[in-house]
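On a predicted model such as this, the values are computed, not experimentally measured, just so you know. First the proteins, then the strands, lettered A, B, ... as listed; each starts at 1.
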Amino acid sequence: MSAALAFDLLLIAALVWSAARALTVADLFRGVVLFIAFGLLMALAWARLGAPDIALAEAAIGAGLTGALLLDAVGHLRAKREPDT
Amino acid sequence: MTRALPVLIVVLAAAFGALLAAALLDLPPHAVRLPADVAANLATSGVAHPVTAVLLNFRGYDTLLEIAVLLLALFGVLALAKPHAAHVAHPAHPLLQTLARLLAPLMVLVAGYLLWVGAIAPGGAFQAGAVLAAAGVLLRLAGLLPAWAAPKRMLRAGLALGLMVFVAVAVAMLGHATLLAYPPALASGLILMIEASLTLSIGLILASLYLASTEVRP
């Protein structure tokens, strides 16, 4: 088992694990953080597949911009919930 | 009945997944010889990087429709934004402000580099626009940019510039040959002009997707 194959298998396992946890975790904020981590791992996967353009776009848009939008949404949901408590 | 339903769904999903895997493994290894076709025509495309050539020249129509879809998505966000809410920027911690002020010009420089190097290496308009949008989001988070829920003339011109330039070039080519068929002598100049306006527009559109929110943060 070469180092590249071991790295790829670890990357696949991390991708599947972070995706599954992002969907099943109870706290919304943790889910968004896991989604951002998943985006960064996906950018690594694109780089391993030899597609640097998509890796650049995935890191900036998938992890960065979508992560910022989702964190904003979580903040709004919390602000809307707090007047009830 | 209610206890059997999730099990049935899991079994059906697993069967569908197995069918997909079997279909994927059944495909011949090289169904289409695209890299050879692209490499054969790269000299007349105006750029030296195959991905940029495909995006901006061979499949330029797809990129034109992509930027139109981005602009349409922004229309939806602007339609839902509340223009009478507070636009003011709430300054954050001074350390964060200083860091944002230091990083933003560097990010603009990186965006310019990515735009320029897209002709010969991985880069191009979408990547440069994404870095510009990230700079905008960073400035908003540091409290240095107000919200953009009611864009005025200059911002609207910047948002629409990419699509307008792309459509203008496409229509200009219509009088010459077919849609988006650049003459090989002008191809690199046209592609650079289109990419520059696309970078500005994509950066502004993606930043506006985040900055159109005018909720006042405590």
Novice: Which members of residues 107-129 of chain B, sorted by number, sit under 4.5 angstrom from chain A on a heavy-atom basis?
Specialist: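 So the qualifying residues are L114(B), P122(B), G123(B), Q127(B).
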Novice: Does anything in residues 61-69 of chain A reach chain B? List residues with heavy atoms under 4.5 Å apart, or say none.
Specialist: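 Only I61(A), L65(A), A68(A), L69(A) of residues 61-69 of chain A have a heavy atom under 4.5 Å from chain B.
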Novice: Counting neighbours of CG on L72(B) that are heavy atoms of other residues, nucleotides or ligands and sit closer than 6.0 Å, is the number greater than 12?
Specialist: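 It does: L72(B) CG has more than 12 such atoms within range.
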